[in-house]
Amino acid sequence: MNEPLYLWLIPLLPFTGFVLNGVFGRWFPKWLVTTIGLLAPAAAFGVVLNAARGLIGFAPAFASLPYVEACPVGWISVGTLHVGFSFVLDQLSLVMLLVVTGVGFLIHIYSVGYMGHEEGYARYFSFLNLFLFFMTTLVLAGNLLLMFVGWEGVGLASYLLIGFFFKRKSAADAGKKAFIVNRIGDFGFLIGIFLLLANFDTLTFSEIADKLASNPGWTGGVLTVICLCLLAGATGKSAQLPLYIWLPDAMEGPTPVSALIHAATMVTAGVYMIARTHFLFDRAPFALGVVAVVGAATAFFAATMGLMQNDIKRVLAYSTISQLGYMFLGCGVAAYSAAIFHLMTHAFFKALLFLAAGSVIHAVGGEQDMRKMGGLWKKMPVTFATMTAAVLAISGFFPFAGFFSKDAILYAAYLQGSFGKVLWFVGVFTALLTALYMFRLWYMTFLGEPRGEHGHHHATPASMLVPLVILGVLSICGGWIGIERFGAFLAPATGELHFHPTTPHLELILSIVAILVALEGWLIADKYYRRKPERPRQLAAALPGVYNLVANKYYVDEFYGATVVKPLLAGSRYVLGWIIDVGILGGAAWLLAGLATLGGAILQRWQSGNLRSYAAWLAAGAAAVLLFIVVPWGAVMASLGIHLTMAGH
C-alpha cells in the first residue's frame with residue numbers, strides 16, 4: 001500500500017463515519033448506524049496493523065525506515081515559514097496509533113450493548129468516531145501546528161461526549177468545565193508554539209530537532225520557558241496539578257466515553273506531546289525536573305482522594321489522574337520509553353476497569369454508589385474475573401501488565417540521585433495507596449453481602465463481554481514484552497539508549513519492594529473492607545477533620561470557585577453588565593431613541609393635519625426652490641471672498 005495514502009486513511013476513515021452518522025444517522029436504521037460506527041475504527045485499526053507489519057520489519061520495504069513522512073501538502077507559507085499538512089510515522093506514533101485505534105475499537109464494540117437503548121444512538125457513534133479522528137490526527141502530526149489542531153479537536157470531542165446527556169444539568173456543566181479548564185492549559189501551549197516559531201522559524205518536529213542538534217551548547221534559557229509553556233498545556237489535557245479538576249466531573253458522560261477518554265485518547269495526549277518533543281525537554285533540565293515533581297505530586301495527591309470516593313467511576317477517575325502522574329514522572333526523569341510503556345499497559349487495564357464498571361452499573365440499573373452494591377461476583381462471573389485482573393494489574397502485582405511498566409518508571413527514578421530517590425519513595429507510597437483504594441472498590445462491589453436491591457439485575461450482552469475478555473488478556477500479558485525490548489524499539493524516536501539495568505540486583509530488590517508494598521495495600525483493604533468492615537466508619541468518626549478534608553477533595557474546587565470563578569463572574573458582570581451593556585450599548589440605545597424622538601417631534605409639526613399649515617409649508621418650499629434657481633450663488637460667494645475650484649486644480 002502506498003505510504004502517503006495509507007497514513008491519511010487512518011484519520012480519514014473515522015471522519016467518514018462521523019460525517020455519515022452525524023448527518024444522515026437520524027434516518028438510518030439502527031443496524032446501519034452500528035455498522036458504520038464500528039467499521040470506521042475497525043478499518044483504521046487494520047491500516048495501523050498493516051503499518052506496524054511494515055515498520056517493525058516484517059516487510060523488507062520498511063526495514064530501514066525509522067521515520068516516514070507522508071503527504072507534505074502545503075498549508076501555510078509566509079516568508080521563510082512553511083507549514084504543511086504532513087503526517088509522520090515512527091515507532092512512537094505507531095505505538096500510540098495501535099493503542100488509540102485498537103482499544104478505541106473495543107470501546108466502540110462495547111458501546112453497541114451499553115448504549116443500545118439510549119436516545120441519540122447515531123449522534124453518540126458520530127461523536128465517538130470524531131474523537132478518534134482528532135486523536136489520530138494529533139498523533140500523526142508532523143508539526144506542532146497540526147498537532148494543535150488535533151489537540152483542540154479532542155477537546156471539542158470530549159466536550160460533546162461528556163455532555164452527551166445534555167438535558168441533565170450536571171452533564172452539561174461537566175462538559176463546560178472540561179472545555180474551559182483545558183483552554184487555560186492550551187493558552188500556555190500556544191505561547192510555547194509562538195516562542196518556538198520565534199526562535200526556530202519552523203514548527204516541524206524534525207527541523208527543530210535538527211537545529212538543536214547543530215547547536216549542542218544550546219541549553220536552558222528560552223528552551224526552559226518553551227518547555228514550561230508546553231507543560232502547561234500537558235497538565236490541562238492530561239489532568240495534572242493544578243488543572244486536574246475537570247476529569248472527575250467528566251464521569252457525567254456515558255461510561256464507554258470515560259473509558260475512551262481515560263485509556264486511549266485525550267488524557268494521554270499530554271504525555272505523548274512531551275515524549276514527541278523530548279529533544280526540547282532534554283535541553284531543559286529544570287523543566288524536566290518540574291515535570292517529574294508535577295507527576296509525583298499528582299500521583300500521590302490523586303491517590304489520597306481515590307481512597308474516600310464512593311462513586312465507582314470517580315474512584316477510577318482519580319486512579320487515572322494518579323497513573324498519569326506516574327507517566328509524567330517517567331518523562332521527568334527522561335525515561336520516555338518507560339512512560340509510553342506505562343501509557344500502553346494503562347490503556348489496557350484502565351479501559352477494562354471502566355468497561356467492567358459500566359457492566360456493573362448496567363447490571364444494577366444505573367447505580368454507581370459502591371455502598372449499595374456487594375455480592376455481585378456470583379451474578380457476574382466474567383465481569384468479576386476480568387475486573388480482578390485489572391485490579392491486580394493497576395496495583396502492580398507480578399506478572400500482570402502494570403507491574404512491568406510501573407516498575408520501569410520507579411527504577412528509572414531511583415537512579416537519579418538523591419532527588420530521584422525522593423521521587424521513588426513518593427511513587428512507592430502511591431503504589432500502596434493505589435492497591436488500597438482499588439481493592440476497596442473490589443471488595444465493596446463484588447464481595448460480601450448485597451447491600452442494595454439487585455432484583456432488577458440485567459444480563460450483560462455479548463457485545464459488552466467480548467471486549468472485557470480481550471482487555472483482560474491484555475491486562476495480564478500486555479507487559480510481557482519487557483522494558484528492554486520496548487525501549488529498544490522506541491529508541492530511534494525517543495533518543496534514549498537501550499534500556500539495560502545498570503545493576504540487575506538493585507532492579508530485582510526494588511521490584512520485590514514494590515510488590516510487597518502493593519501486597520500491604522491489599523492486606524489493609526482486606527482488613528478494613530472484609531474482616532472488619534465497621535473500622536472505616538470508626539476511623540472517620542475518630543478523625544473527622546482528616547476524613548472531611550479528603551472526602552471533600554481538599555476543597556480544591558471550592559477554593560478555585562472562591563478565588564477564580566466568582567471574581568471572574570463578578571468582574572464580567574461589571575464589565576459586560578454595567579460598562580458595556582448599560583454604559584455603551586444602553587447609552588447608544590438611549591441616544592438613538594432620543595434622536596428618533598426629536599425627529600418624530602419635528603415630523604409631527606409637519607404632519608399636523610391642518611390644511612393652512614400644509615399650504616404655508618408648500619409655499620415656503622416653492623419659494624426656496626425659486627430662490628435657489630434665480631439667485632447667482634457664484635457671484636454672491638465671490639463677493640464674500642469664497643472661490644470655488646474644480647477638483648484637480
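We use all heavy atoms of the structure for the numbers below, so side chains are in, but hydrogens, waters and symmetry mates are not.
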Run through Asp369, Leu353, Ile361 and flag the one making a side chain to side chain contact (heavy atoms under 4.5 Å, CB included) with Ile312. Ile361

Given Arg314, which of Asn310, Asp311, Leu316 fulfils the side chain to side chain contact (heavy atoms under 4.5 Å, CB included) condition? Asp311

Tell me which pairs pass salt bridge (Lys or Arg N to Asp or Glu O under 4.0 Å) where either residue lies in residues 333-358, with sequence neighbours left out. none

As a test of understanding, state which of Ile261, Leu260, Ile107, Thr320 forms a side chain to side chain contact (heavy atoms under 4.5 Å, CB included) with Phe354. Thr320

Tyr554/Phe301 aromatic ring centres below 6.0 Å: yes

So, Thr101 side chain and Ala44 main chain: donor-acceptor pair closer than 3.5 Å or not? no

Given side chains that start at C-beta, do those of Leu140 and Pro11 come closer than 4.5 Å, heavy atoms only? yes

Cationic N near anionic O, under 4.0 Å, Asp201 to Lys211: no

Look at the side chain of His262 and the backbone N and O of Ile321, then say whether any donor-acceptor pair between them is shorter than 3.5 Å. no

With side chains defined as the heavy atoms from C-beta onward, is the minimum distance between Lys313 and Pro248 less than 4.5 Å? no

Is any side-chain heavy atom of Leu160 less than 4.5 Å from a side-chain heavy atom of Leu156? yes

Please tell me if the side chains of Asn182 and Phe187 come closer than 4.5 Å, counting only heavy atoms from C-beta onward. no

Cation-pi check for Phe179 against Arg183: NZ or CZ below 6.0 Å from the six-membered ring centre and within 45 degrees of the axis, yes or no? yes

Under a 4.5 Å cut-off applied to non-hydrogen side-chain atoms, are Leu144 and Val83 in contact? no

Determine, using ring centers only, whether Phe125 and Tyr121 are less than 6.0 Å apart. yes

Derivation of the ring-ring contact (aromatic ring centres under 6.0 Å, His included) call for Phe18 and Phe133: CA-CA 9 Å; Phe18 158 69; Phe133 162 70; 7.9 Å; no

So do Phe134 and Trp151 actually touch side chain to side chain, heavy atoms under 4.5 Å? no

Is Asp173 salt-bridged to Lys177, going by a charged N under 4.0 Å from an acidic O? no

Any side-chain heavy atom of Ser322 sitting closer than 4.5 Å to one from Thr430? yes

Any side-chain to backbone donor/acceptor pair from Glu496 onto Ser337? Under 3.5 Å, distance only. yes

Check the angle between the aromatic planes of Phe164 and Phe127 and answer parallel, tilted or perpendicular using the 30° and 60° thresholds. perpendicular

